[in-house]
Amino acid sequence: MSRALRVAGAVAALALAAGCESGPDYQRPSAPVPPAYKEAAAASGWKVGEPADAIDRGAWWSIYADPVLDGLEKQIDISNQTLKADEAAFRQAEALAAQARAGLFPTVTLNAQAQRSRGGGRGGGAFAGGGGGGGNISNFFTVTADASWTPDLWGSVRRAVESSEATAQASAGTLAAARLSAQGSLATDYVQLRVADELKRLLDAAVAAFSESLRISQNQYKAGIASQSDVSQAQAQLDQTRAQAIAVGVSRAQLEHAIAVLVGKPPAEVSIAPTKAELRIPNTPPGLPSALLERRPDIAVAERQMAAQNARIGVAEAAFYPAVTLSGDYGVASSLLSKLFTAGSRVWAFGANAAQTLFDAGAHQATLEAQRAGFEQTVATYRQTVLAAFQQVEDELAALRILAQQAEAAASALKAAREAERVITNQYKAGTVAYTAVIVAQTTALSDAEALVNIRQSRLVASVALIEALGGGWDAAQIPSPAKVESDQPLNFSPIPAPDPHPVK
């Protein structure tokens, strides 16, 4: 018995010593990274944020200084169903990694059996009747422990573990990306809702002003100074503007409903009161180009998927080598229960089995080539993800730069239109111009004011999109390490608070 154990132990030690990992070791491929953002350099009129502009990137939406938005964003982690689905997917990937690690260890089973049987007797057989027949009745009892182990001689299991851990890390990145996407969508809907409030206030003010114009035209008509057409034009303009103000309620309601779904609640349970406060256009933190690779969860996901696929190449290569399985049984067996655990009842067996595929019509080679092609695919996907990320940042930087110029021109146009409206209205009161001139001036001023509000909305949406394109408050260091995946401890995906030293307006 002891000699057999020593032999088995020597075989196991030899297997461990001979173990090696097949397949290439993972090296992250390069990706195209520009030295600087083109659009940031073009924005010569932008100013670098002051130290007071630094924000807690852990709650990146706090840059908008809106307590209602703060409260809504905090509900994303609690109730958003898409985020819950991605969190469950991460836990599933974590469990699969644990399942893969189990292949490194032996499998041990305990078996217990009790059997009572009767053999066939002379003259009657097993089915002979008549008072019990002549068969012999026997008992048999066994208790055995069986162990089997396939040593990871060629690193197949270790590569599978490596792949599973990288997949779990990618799943953690997917969770972070889903979280950032939900936060960005909520912030985008919220700023548009607040701009809808701003537009409603503008149109309500216009309704009040046009009501006054209608009153003036009616009084002048009664005095015989104005014609009925002036009154009709004033009435039509008032009603049209009132209809515009009412129509704003449709888009506002839809945005409120979308926000409710993002925080995981039925639309009937969420109501956001209008406010007179205006969201300011924030200083946004673009960061350095190279830092983008560490601040985008989707880039981290693509990189971890490369690592997982690289490990699968090793699994495919290990299939070309023989598989060795060590097995052993130890226990007791006896026909008498009273003697089951005596020294004479001990039974044991140890052995080893080796299997090598000699011919498979190229199946293993095809699998290996498929895994290598899969790795090349993940490399291309990774590089494309990086390129798309830089494109998104450049797009939003350009949008903010150009929209700022557009806002300046629109504000100037509105100022001139307001002045023209004032002058022409006074001329109409003096009877020197027709009411048509007043209508044109008022319509132009209102149109310019609406355009300025729409530009503000575009700037706010672009600022949210830029922060999201830069990774928000996420950092690649938040991807759990293989040890963290293995520990099976709850992970905290809260963004890391870290003031950004390079905010740009």
Side-chain angles (χ1 to χ4, degrees), residues 11-12 14-31 86 89-107 147-174 298-327 351-386 479-482 485-486:
V11 172
L14 180 61
L16 288 173
C20 61
E21 288 188 87
S22 57
D25 291 331
Y26 175 69
Q27 298 289 334
R28 186 172 74 176
S30 61
D86 285 301
F90 167 72
R91 288 188 284 108
Q92 181 185 42
E94 194 177 38
L96 291 174
Q99 181 185 34
R101 282 192 300 274
L104 293 169
F105 303 96
T107 299
S148 64
W149 180 41
T150 301
D152 192 24
L153 296 177
W154 318 115
S156 174
V157 177
R158 279 168 287 172
R159 289 300 191 194
V161 170
E162 182 181 329
S163 176
S164 297
E165 288 176 343
T167 299
Q169 290 176 303
S171 184
T174 300
D298 59 338
I299 292 178
V301 170
E303 189 275 329
R304 287 291 82 198
Q305 287 173 341
M306 282 193 300
Q309 184 60 37
N310 183 80
R312 294 187 190 108
I313 295 176
V315 175
E317 286 189 1
F320 286 92
Y321 302 102
V324 177
T325 301
L326 305 178
S327 61
N353 177 67
Q356 169 70 60
T357 301
L358 298 180
F359 178 75
D360 63 0
H364 283 0
Q365 184 64 36
T367 300
L368 177 59
E369 293 302 323
Q371 298 300 346
R372 287 174 175 167
F375 177 71
E376 293 176 5
Q377 181 183 16
T378 59
V379 171
T381 300
Y382 168 71
R383 289 172 173 160
Q384 182 61 33
T385 302
V386 172
I479 283 190
S481 65
V485 171
E486 187 173 354

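FYI, side chains are in, hydrogens and waters are out, and symmetry mates aren't considered; it's all heavy atoms of this structure.
The two residues Ile313 and Pro24 make their nearest non-hydrogen contact at CG2-CD, 3.7 Å. Of all the heavy atoms in Ala100 and Ala160, the pair that sits closest is CB-O, 4.1 Å. Counting all heavy atoms, side chain and backbone alike, Asp298 lies closest to Thr385 at OD2-CG2, 3.7 Å. Taking both residues in full, the closest heavy atoms of Ser30 and Tyr382 are given as O-CE2, 4.4 Å, listed atom of the first, atom of the second, then distance. In terms of heavy atoms, Gly173 sits closest to Val301 at C-CG2, 3.2 Å.
In terms of the side-chain hydrogen bond (donor to acceptor under 3.5 Å, both in side chains) criterion, residue partners of Arg304 (sequence neighbours excluded) are, by chain and number, Gln169. Scored by the side chain to side chain contact (heavy atoms under 4.5 Å, CB included) test, Thr378 finds Met306, Gln309, Phe375 as partners (sequence neighbours excluded).
Remark: the backbone N or O of Arg159 is not paired with any side-chain donor or acceptor of Ser163 at under 3.5 angstrom.
A distance of 10.5 Å separates CD of Glu165 from CD of Glu94, quoted to the nearest 0.5 Å. Residue Ile299 holds its CD1 atom at 10.5 Å from CD of Glu303, rounded to the nearest 0.5 Å.
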Could you walk me through whether Arg312 and Thr167 pass the side-chain contact (heavy atoms from CB on, under 4.5 Å) check?
CA-CA 11 Å; Arg312 294 187 190 108; Thr167 299; 3.5 Å; yes
Listing, residues 314-326 side-chain donor-acceptor contacts under 3.5 Å, not counting sequence neighbours, or none:
unit_1, atom_1, unit_2, atom_2, d
Glu317, OE1, Gly23, N, 2.9
Glu317, OE2, Arg372, NH2, 3.3
Thr325, OG1, Thr150, OG1, 3.2

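The environment of Gln27 atom CD is sparse: at most 12 non-hydrogen atoms of other residues, nucleotides or ligands sit within 6.0 angstrom. Around atom CD of Gln377, no more than 12 heavy atoms belonging to other residues, nucleotides or ligands sit under 6.0 Å away. Heavy-atom contacts from other residues, nucleotides or ligands closer than 6.0 Å to CD of Glu369 number more than 12.
No side-chain heavy atom of Arg91 sits less than 4.5 Å from a side-chain heavy atom of Ser171.
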